[in-house]
S.K.: 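First the structure, then my questions, so here it is.
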Amino acid sequence: MTDDLPHKTSGIDPRLDLLLAPLFGPGRQDPDGTIELTVIVDGTIVSGSVVSEEAWTRRQMAQISTSSEYLAETPGGGQAAPENQVRFIHFLEPMVISGGTPIRLNATRVDLRNVSAWSIGRVQYGER
């Protein structure tokens, strides 16, 4: 069996790619779609609501001071992913757990190539 999908050589888990592509990739039905997701990157847990790059960028831009023309005018940029492939996971208000210490962030972006494990759902750290 031959697998010619772009994730074969990209280093991105094919099942995670297949989960995210319809929600956040080109041609998605709902531009405001979201999913609760937990990933592990270099031993650090990142858990929260994943949103589109556009929603994440709006949140980031709202946090940037309008007094900085350079930052206010800088586009999202970065390397483009192959067509029909999501390259980054965009979290809003994720919990990041490193060394057992939970930290809340406003927004963070994770490169899918660095994800070593993942699960659908949000970690309920310290809650019963």
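All residue numbers in this chain count up from 1 along the given sequence. Side-chain atoms are counted along with the backbone in the values below, which use heavy atoms only and exclude waters and symmetry mates. Values in this document were obtained by computation on a predicted structure and should not be read as measured data.
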S.K.: Are the side chain of Thr38 and the backbone N or O of Gly121 linked by a donor-acceptor pair below 3.5 Å?
M.R.: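 Yes, because the side chain of Thr38 sits within donor-acceptor range (under 3.5 Å) of the backbone of Gly121.
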S.K.: Under 4.0 Å between a side-chain nitrogen and a carboxylate oxygen: does that hold for Asp13 and Arg15?
M.R.: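 The answer is no: the pair does not qualify as a salt bridge.
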S.K.: With the 4.5 Å side-chain cut-off for hydrophobic clustering, are Val50 and Trp56 part of the same group?
M.R.: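 Not linked; separate clusters.
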S.K.: Hydrophobic cluster membership, with links at side-chain heavy-atom distances under 4.5 Å among I/L/V/M/F/W/Y: are Leu105 and Val39 in one?
M.R.: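 Same hydrophobic cluster.
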S.K.: Indicate the atoms forming the closest heavy-atom contact of Gln60 with Ala107, along with that distance.
M.R.: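 Scanning both residues, the minimum pair turns out to be OE1-CB, 3.3 Å.
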S.K.: Compare all side-chain heavy atoms of Asp111 with those of Ile89 and state whether any distance is below 4.5 angstrom.
M.R.: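 A side-chain contact under 4.5 Å is absent here.
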S.K.: Shortest non-hydrogen contact from Phe88 to Leu112?
M.R.: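 That would be N-CD1, 4.1 Å.
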S.K.: In the single-linkage hydrophobic clustering (I, L, V, M, F, W, Y; side-chain heavy atoms under 4.5 Å), do Leu16 and Val41 co-cluster?
M.R.: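 Yes, same cluster.
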S.K.: For the pair Ser47 (side chain) and Val123 (backbone), establish whether a donor and an acceptor sit closer than 3.5 Å, ignoring hydrogens and angles.
M.R.: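 Present.
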S.K.: Looking at Leu20 and Val86, what are the two nearest heavy atoms and their distance?
M.R.: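 Smallest interatomic distance, heavy atoms only, reads O-CG2, 3.9 Å.
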S.K.: Looking at side-chain heavy atoms only, is the closest gap between Ile12 and Val115 below 4.5 Å?
M.R.: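 They are not in side-chain contact.
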S.K.: Identify whether Val96 and Trp118 are in the same connected component of the hydrophobic contact network (ILVMFWY, side-chain heavy atoms under 4.5 Å).
M.R.: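 Val96 clusters together with Trp118.
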S.K.: Is the backbone of Leu92 close enough, under 3.5 Å, to the side chain of Ser49 for a donor and an acceptor to pair up by distance?
M.R.: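 It does not hold such a pair.
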S.K.: Would a hydrophobic clustering, with Ile, Leu, Val, Met, Phe, Trp and Tyr connected at side-chain separations under 4.5 Å, put Ile120 with Val51?
M.R.: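 No, Ile120 and Val51 fall in different hydrophobic clusters.
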S.K.: CD1 of Ile45 to CE of Met95: how many Å apart, nearest 0.5 Å?
M.R.: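 Reported to 0.5 Å precision, the distance equals 10.0 Å.
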S.K.: Run the salt-bridge test on Asp32 and Arg58 with the 4.0 Å N-O cut-off and return the result as yes or no.
M.R.: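 Here Asp32 pairs with Arg58 in a salt bridge, since their nearest N and O are under 4.0 Å apart.
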S.K.: Do Arg109 and Glu53 have side chains that approach each other closer than 4.5 Å (heavy atoms only, starting at C-beta)?
M.R.: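 In contact.
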S.K.: Ignoring hydrogens and angles, tell me if any N or O in the side chain of Ser116 forms a donor-acceptor pair with the backbone of Ile40 under 3.5 Å.
M.R.: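 Confirmed, Ser116 side chain pairs with Ile40 backbone.
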S.K.: Any salt bridge linking Glu93 with Arg59? Criterion: basic side-chain nitrogen under 4.0 Å from a carboxylate oxygen.
M.R.: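 Arg59 and Glu93: salt-bridged.
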